[in-house]
Amino acid sequence: MNRVYVCSCFGITEQQVREHAGKGACTPRQIASACKAGTDCGGCVRRIQALLGRGACPRREPADQGEPGVLSAGIAALPQPQAA
C-alpha cells in the first residue's frame, strides 16, 4: 500500500485526512482538531486545503432551495424610513 503523507510532523496521510473529512471535519482547523495535522510547523495546511477542495468532504446542499429555511424563516421585513 502506497501511503502519501500530508503531515510529516504527526505522520498523517492523505487517506486519514479523507477519513476525518468523511466524518465531518471539512476545514483545516477541524482536521487539526481531529488529528493535529497542521498544528506544528504548518507546512501541510495548504495541502490539507487542497485535499478538502477536491471532494474529500461530502457536498453540501445549497442553503436556499426556494423554500423558507433557517435564514429566512420568521424574519419580518425591516421598517422603511418615513419621509419627512
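Only heavy atoms go into these numbers, but all of them, side chains included; no hydrogens, no water, no symmetry mates.
In terms of heavy atoms, Cys35 sits closest to His20 at CB-NE2, 3.5 Å. The shortest non-hydrogen separation linking Gly38 to Cys7 is N-SG, 4.1 Å. Nearest approach of Leu52 to Ala21, heavy atoms of both residues: CD2-CB, 3.9 Å. Contact between Ile12 and Ala37 at its shortest, heavy atoms only, is CG1-CB, 4.0 Å. Considering all non-hydrogen atoms of both residues, Cys41 and Cys9 come closest at SG-SG, 3.8 Å.
Tracing side-chain contacts under 4.5 Å through hydrophobic residues (I, L, V, M, F, W, Y), one never reaches Val17 starting from Val45; they form parts of separate clusters.
Sorted by first and then second residue, the side-chain hydrogen bond (donor to acceptor under 3.5 Å, both in side chains) pairs involving residues 4-13 (not counting sequence neighbours) are Thr13-Gln16.
A distance of 14.5 Å separates CG of Leu51 from CZ of Arg46, quoted to the nearest 0.5 Å. If you take CZ on Arg29 and CD1 on Ile48, they are separated by 12.5 Å, rounding to the nearest 0.5 Å.
Taking a cutoff of 4.0 Å between a charged side-chain nitrogen and a carboxylate oxygen, Glu14 and Arg18 qualify as a salt bridge.
The side chain to side chain donor-acceptor pair (under 3.5 Å) check on Thr39 picks up nothing, with sequence neighbours excluded.
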